[in-house]
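Below: one structure, written as structure tokens.
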Amino acid sequence: MKKTGAQIVVDALIQEKVDILFGYPGGVVIPIFDVLYDAKKIKVILTRHEQGAAHAADGYARATGKVGVCLATSGPGATNLVTGIATAYLDSIPMVAITGQVSSPMLGTDAFQEADMVGISRPVTKHNFLVDSIETLPIIMKQAFHIARTGRPGPVLVDIPADISKGSMEGYEYPKSVSIRSYKPNVVGHIKQIEKASEAIGKAERPLIYAGGGVIISGAHKELREFAEKCSIPVTTTLMGLGGFPGTHDLFLGMPGMHGTRTANYSLQNTDLIISVGARFDDRVTGNVETFAPKAKIIHMDIDPAAISKIIKVDIPVVGDAKNILAQLNKIIKPGDYSSWLEQVMQWKKEYPLSYALSKDEIAPQAVIERLFEKSNGNAVITTEVGQNQMWTAHYYKFDKPRTLLSSGGLGTMGYGMPAAMGAALALNKPVIDIAGDGSIQMNIQELATISLNRIPVKVVILNNGYLGMVRQWQELFFDKRYSSTCLMADAECAGCEDITKCKRKYMPDFVKLAGSYNIPAFRAEHPDEVDEVLEKGLNSDGPAIMEFIVAREENVFPMVPAGQPIDNILEEK
Amino acid sequence: MTSHTISILVENHSGALSRIAGLFSSRGYNITSLNVAETEDPSVSRMTLVAEGDEDILEQIVKQLNRLIDVIKVYEFSNGSSVNRELVLLRIYFSKSNRLELVTLINMYNGKIVSANTSTIIVEISGTSSELNDFIALVRPFGIKEVVRSGKLAIAQVKSKH
């Protein structure tokens, strides 16, 4: 069959069962958009910025486990995707990013809207392709999806020169299968290693499960729960792992690390065996590596051999898919008696719950999230931005199910939450809540138009403290309270934050008015009494809504371990 | 700091080299020498790479190399596990008085005079890297104008059959 390059791209998307594509057109991708115009099986969402398209594809992927797809033009269109691609890369999210490129003969000539995307995206993609002939386009598309979704998933970029999308080939057929000689991810865990792990668990006295995003990616949540319950081993999950083990479960200790619970951090520092499942010992978890888990042997289950012993020397590596490994382990495990350890851990859990101070006059941001948890019956799919809003969400919304918290963990991308919520809400066809700060929401605020026009049920909770709160918190704690460039209300006359109770400046923009101009219902709470009402109005309204909460300006995220410190060196509210 | 020889079989197409080089440079790891050429299978290239640095970082880099989609296989050659050769081309000054001495040295190292004029010669020598280092040190007093080294090539040692 004779097909143009653009037709091949769109046919590949249909064959890969892509139902929603997020994109933004431009010169060299007009041929592809032209074919999409008639492709009834693919819903094309025109975002207002390419970064929004990339995050939306990422949100779609995190919510469903399917490959998210975004499409942008060459040059600035493509470079605008890069933050979104890097976000997906750091969190191992399956994504295919298609970018237009200048015509092959013009490559490397500084042509109009030319950027070397294969070069730029190399360190932030699992793999990338510059299509060099139309004959290779079908197999490249097939490989791109295969690589993105298998093994440790990740984003794959396909850069397509204009002459290739406009050109045509005879005898097109989409490949039915794909085999790459140099890429054969190891899914099945080695039984010898699993036996070693099982033996170590049997012999341990104070074991601890440390689970990460890999549990969610592999869909191992049931196996993980079975394992933890069967053995009565307490569980801490990373930010990426939240929802991989029920947040309301007795054995759940909360998150470890910089903003981890005391219980999780004390448990890590005292355990004699860490059972790591799909987690990568990120520096936000380990704090000072030298002092991390000093008494522990480590079992590390991961699909990526390169993740093993990258940060911490591992005693028993098990390479494979978490679901497969845990299922095998559950069959052979003979747990020891960990009751006195469990008693100690539960004692910590009772002694050191997460807490914050309630005030009569000011809204505590943590309280907003607790109320949101109750009002949504703990069933919502939540995205976050990055900063305090993200940590408070992790602390106070109890995620019981996988794929219900979508958050940029590795890259820490402000501006992620709203477009990601957009992608997730479209994929799931149900409301998704973005918990945002007043700073991060403005980073992709243009997507309000996309949300409104397409009637995407995105509910945005803005915790407005008028600051870039997490940076301000660091400035308060470690920089002598010098709030350099963190107040979002400061104007040309402002001489700095001397006494913020006397500050009469108004926030800009007025989010309620702004939402009005996008025809999105918006509600604001300025007083603790108004929180419930605003949440109810926002959650119960049809379609998108904005709920703004004017919260205590200098509220901090606690507990906190200063960067690079031992994780039991914990700061609390003064 | 020790020297490591890594031999990488990689898909023979554009971009593969920069992916591999990128893994080293992003960790601040310097590549001492690098050789790339087609193998017996024209769709596969072999890169022979020598790098110096910390063992743990290198182990990490090897894992990351294996993770690259274009990389088919990675071999790490430790001492004695490979046959190593390097080629050097030198442009050396000489005079009537020392010409004979220079030729003797070249013969001692099984070298070949590739080209000459009245004041300089081009010499080709292959051997292990340390043999080449020795030769270069010996001829340095004559005056070396230019040294072009290929970097190390390595092939796995034949396994002895007992």
Side-chain angles (χ1 to χ4, degrees), chain A residues 89 92 104 107-108 116-133 136 139-140 143-148 150-159 178-186 280-281 289 300 302-314 317 319, chain B residues 2 4 6-31 34 36-49 51 53-76 78 156:
Chain A
Y89 181 67
S92 309
S104 311
L107 280 171
D116 170 12
M117 280 319 291
V118 165
I120 289 172
S121 68
R122 185 176 306 120
V124 294
T125 49
K126 184 172 174 187
H127 196 58
N128 59 23
F129 297 93
L130 171 62
V131 182
D132 55 359
S133 73
T136 60
I139 186 68
I140 284 177
Q143 288 185 349
F145 277 88
H146 174 66
I147 292 168
T150 53
R152 178 177 182 169
V156 177
L157 180 132
V158 183
D159 200 26
V178 59
S179 166
I180 305 171
R181 61 177 161 187
S182 51
Y183 176 70
K184 307 258 186 262
N186 190 9
R280 60 184 179 87
F281 298 91
V289 174
H300 191 170
D302 207 294
I303 193 142
D304 180 7
I308 286 167
S309 292
K310 185 174 72 175
I311 309 287
I312 304 263
K313 190 98 186 73
V314 166
V319 175
Chain B
T2 42
H4 307 273
I6 305 167
S7 180
I8 309 163
L9 289 176
V10 42
E11 295 288 345
N12 184 9
H13 58 215
S14 69
L17 173 62
S18 57
R19 284 180 215 284
I20 288 166
L23 278 184
F24 285 82
S25 63
S26 69
R27 282 162 187 76
Y29 214 98
N30 189 39
I31 297 173
L34 172 65
V36 193
E38 251 177 48
T39 61
E40 66 282 2
D41 173 354
S43 71
V44 178
S45 298
R46 180 183 293 276
M47 291 188 188
T48 311
L49 194 151
D54 179 79
E55 199 81 38
D56 290 343
I57 301 178
L58 185 90
E59 188 189 324
Q60 197 52 38
I61 291 178
V62 169
K63 282 181 183 170
Q64 303 273 359
L65 283 171
N66 273 308
R67 197 162 76 150
L68 291 176
I69 310 284
D70 285 337
V71 169
I72 300 163
K73 194 143 180 67
V74 182
Y75 304 88
E76 259 187 279
S78 55

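As the structure is a prediction and not an experimental result, all values here were calculated from the model. What you see below is based on every heavy atom in this structure, not just the backbone, and it leaves out hydrogens, waters and symmetry mates. Chain A is the first sequence line, chain B the second, and so forth, proteins listed ahead of strands; every chain is numbered from 1.
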remark   = With chain A, the option among B:Q64, B:R19, B:R67 that has the most non-hydrogen atom pairs under 4.5 Å is B:R19
note = Test side chain to side chain contact (heavy atoms under 4.5 Å, CB included), reference A:K310, set B:K63, B:E59, B:Q60, output is B:Q60
Option that, when pairs with chain B are counted at under 4.5 Å, heavy atom only, ranks first among A:R181, A:R152, A:K184, A:K313 = A:R181
query = Could you give the distance from CD (B:E11) to OH (A:Y183), rounded to the nearest 0.5 Å?
reply = 14.5 Å
ask   = Using non-hydrogen atoms only, which part of A:I308 is less than 4.5 Å away from chain B: side chain, backbone, both, or neither?
value = both
query = What part of B:S18 lies closer than 4.5 angstrom to a heavy atom of chain A: side chain, backbone, both or neither?
reply = both
task = Using non-hydrogen atoms and a 4.5 Å limit, figure out which bit of B:S43 sits close to chain A: side chain, backbone, both or neither.
result = both
Beyond-backbone contact of B:D70 with A:H127, side-chain heavy atoms, under 4.5 angstrom = yes
inquiry  = Nearest 0.5 Å, please: how far is CD1 in A:I180 from CD1 in B:I69?
reply    = 6.0 Å
inquiry  = If you count heavy-atom pairs within less than 4.5 Å of chain B, which of A:L130, A:I147, A:V118 leads?
reply    = A:I147
Toward chain B, the part of A:N128 with a non-hydrogen atom under 4.5 Å = both
request  = Under 4.5 Å heavy-atom distance to chain B, tell me which part of A:P305 shows up: side chain, backbone, both or neither.
outcome  = backbone
